[in-house]
Amino acid sequence: MKPLNSRVIIAPDFHPKQIGSIYLPENLKYRDLPNTGRILEMPDGSFDFKAGERVLYDQHASNFDSGSMDDAGKPHALVPVSSVLAVLQ
């Protein structure tokens, strides 16, 4: 899967719990804080980060609440490039 329109696919660092078809993130009590994760895929172009790096991103820009999954059934977040806040060292 390749993201379009200046978006990146991020694998969140937290591991959500599933009840039926509803996913409940363990960090729900921290839902107003930005999230961290590893960039899986990104569009072509020049950016300050690259695929494989851990980044800090704005949680409210993510579509993770919709329960997005990749082909392997792992959770992922589709986030605008502008919502990636920092590269973690």
Side-chain angles (χ1 to χ4, degrees):
M1 182 169 21
K2 187 79 169 171
L4 302 175
N5 300 325
S6 297
R7 296 189 182 273
V8 295
I9 298 175
I10 297 177
D13 286 339
F14 64 89
H15 303 288
K17 295 180 181 178
Q18 181 177 1
I19 299 176
S21 62
I22 299 172
Y23 286 87
L24 302 173
E26 289 179 7
N27 67 344
L28 193 58
K29 68 179 186 175
Y30 302 111
R31 70 190 289 171
D32 292 333
L33 298 176
N35 285 328
T36 59
R38 189 164 306 280
I39 295 180
L40 299 177
E41 292 286 338
M42 55 187 295
D44 296 330
S46 177
F47 299 99
D48 294 330
F49 50 87
K50 58 185 179 217
E53 290 186 312
R54 281 191 66 233
V55 295
L56 179 69
Y57 65 96
D58 181 10
Q59 176 180 0
H60 299 291
S62 167
N63 72 337
F64 183 73
D65 292 337
S66 64
S68 299
M69 307 296 269
D70 64 9
D71 294 336
K74 306 245 185 210
H76 71 262
L78 187 62
V79 176
V81 169
S82 61
S83 294
V84 175
L85 305 174
V87 175
L88 302 174
Q89 300 288 327

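- Considering Ile9, Val79, Val81 as possible partners of Pro3, the one that fulfils the side chain to side chain contact (heavy atoms under 4.5 Å, CB included) test is Ile9.
- Residues Tyr57 and Gly37 approach most closely at CE2-N, 4.0 Å, considering heavy atoms.
- Taking OG from Ser83 and CG from Asn35, the interatomic distance works out to 11.5 Å, rounded to the nearest 0.5 Å.
- For Phe49 against Ile39, the heavy-atom pair with the smallest separation is CD1-CD1, 3.1 Å.
- Between Gly52 and Arg38, the closest heavy-atom pair is O-NH1, 2.6 Å.
- Between Arg7 and Pro43 the shortest heavy-atom distance is O-CD, 2.9 Å.
- Leu56 approaches Leu88 most closely through the heavy-atom pair N-CG, 4.2 Å.
- Listed by first and then second residue, the salt bridge (Lys or Arg N to Asp or Glu O under 4.0 Å) pairs involving residues 44-54 are Lys2-Asp44, Asp13-Arg54 (not counting sequence neighbours).
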